[in-house]
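Reviewing the structure listed below.
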Protein chains: 2
Amino acid sequence: MPNNQFKKSELYSFITGKASTAISRRLQKNFKLAGIEITIEQWSVLYHLWKEDGISQQQLCDATFRDKPSITRLVDNLEKLKLVKRVASKDDRRMNRIYITAEAQELQVLTMELANQTLNEALEGVTNGQVEIAKEVLQQVYENLK
Amino acid sequence: MPNNQFKKSELYSFITGKASTAISRRLQKNFKLAGIEITIEQWSVLYHLWKEDGISQQQLCDATFRDKPSITRLVDNLEKLKLVKRVASKDDRRMNRIYITAEAQELQVLTMELANQTLNEALEGVTNGQVEIAKEVLQQVYENLK
DNA sequence: TTTATGTAGTTGCATAAACAACTATATGCC
DNA sequence: GGCATATAGTTGTTTATGCAACTACATAAA
């Protein structure tokens, strides 16, 4: 029966995700400083499209751990910004394929650099070994609950 | 120059906080199953008031890592639910002191149990040593960026 | 005492999340 | 073919977040 002895103070910060909130805010700030006017949530969608263009909204749900309405609206907003384009699939008419536009393609290199830089700011003073373990724990938590 | 070699796949999940999202969703679900109809965000405010009743909204901002408008509205909603009460401070008339009601007091034991239980679900298969390191890393990230 | 500056909290606006209910299309079984 | 069921996506509603602009009060300096 491990982990059954959480003190309140420890429990709270684990649940609230203050660290990831802090990372998101900092990344958003770094985007803004670089003149990039998209939200981190929008960026997270582009991120997966850069890895694989033309995936469906459902695939974006799975990749970003968001529900379908969230993705519908993120894609709505990205489409308004002319960063992605919905294309109805021919094979399966229920499905949309989402494609990156040229304008969004241009954002990839800079935003990925900014994300890397932000993560370095976040992990200042943390060893690679510690990061490895933290990643394993977070991955396991995700697996346990998803 | 440590930590400068993030691979994309590693980077993403660190930024998006999928683990803490998963924990929040599970805790929300566990609240609902127990018939408790408050949001995790509302609970996080109550949590700090249980530790110290009558603190100001600004103190709640600092404790919960939220901005002032967020706390204004969380307190608005908690007040509507009759779980807290705003009391204008006599010493400093700019300030509100926020007090737990009897109704909210009753939620403490059960919700803390549910939070503990949720965390145990989340950390199934993770050793205490690993959790310790993960907590240290997340704390350091928070300190680096706050 | 007046004025400047800082602090506590609120309001407006845009974006996003969670959940339920819905439409449209696909699939599998009789 | 026809019906049940599953899947992809959308819409409505409530709650929450982030930022900017604002009001009210407090404090400290001139």
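Every value quoted in this text rests on a predicted model; they were computed, and no experiment measured them.
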Rounded to the Å, how far apart are [X] [atom1] and [N] [atom2]?
X     : N      : atom1 : atom2 : value
A:I38 : D:dG18 : CD1   : P     : 17 Å
B:K18 : C:dA17 : NZ    : C1'   : 17 Å
B:E37 : D:dT14 : CD    : P     : 15 Å
A:R94 : D:dA6  : CZ    : C1'   : 8 Å
B:D91 : D:dT27 : CG    : C1'   : 15 Å
B:I98 : C:dT10 : CD1   : C1'   : 13 Å
A:I71 : C:dT15 : CD1   : C1'   : 14 Å
B:I40 : D:dT15 : CD1   : P     : 15 Å

State whether a side-chain donor-acceptor pair under 3.5 Å links [X] with [Y].
X      : Y      : answer
A:E121 : A:Q117 : yes
A:D92  : A:S89  : no
A:Q140 : A:E136 : no

Considering only heavy side-chain atoms of B:D92, the closest of D:dC25, C:dA16, D:dG9 is D:dC25
Nucleotide nearest B:L74 (side chain, heavy atoms from C-beta), chosen from D:dT11, D:dT17, C:dT15:
D:dT17
Is the shortest side-chain N/O distance from [X] to OP1 or OP2 of [N] below 4.0 Å?
X     : N      : result
A:T72 : D:dT11 : no
A:S89 : D:dA8  : no
A:R73 : C:dA16 : no
A:Q28 : D:dC19 : no
B:R66 : D:dT17 : yes
B:Q57 : C:dT10 : yes

At 4.0 Å (heavy atoms only), tell me whether A:R86 reaches a base, stays on the sugar-phosphate, or touches nothing.
sugar-phosphate
May I ask you to say what B:N96 touches in the nucleic acid, namely base, sugar-phosphate or nothing, with a heavy-atom cut-off under 4.0 Å?
sugar-phosphate
Counting distance only, does the side-chain N/O of [X] pair as donor-acceptor with the main-chain N or O of [Y] below 3.5 Å?
X      : Y     : result
B:T118 : B:R26 : no
B:T64  : B:V45 : no
B:Q42  : B:L78 : no

Please give me the minimum heavy-atom distance between B:F14 and A:S20, naming the atom from each residue.
O-CB, 4.4 Å
Go nucleotide by nucleotide along DNA chain C from the 5' end; which of A:P69 and A:E41 gets its closest nucleotide reached first?
A:E41
Contacts of A:T21 and A:D76 projected onto DNA chain D by closest heavy atom; the upstream (5') one is A:D76
Pair A:D76 + A:R86, salt bridge at N-O below 4.0 Å
yes
At how many degrees, to 10°, do the end axes of the helix from C:dT1-D:dA30 to C:dC30-D:dG1 meet when each uses five pairs?
10°
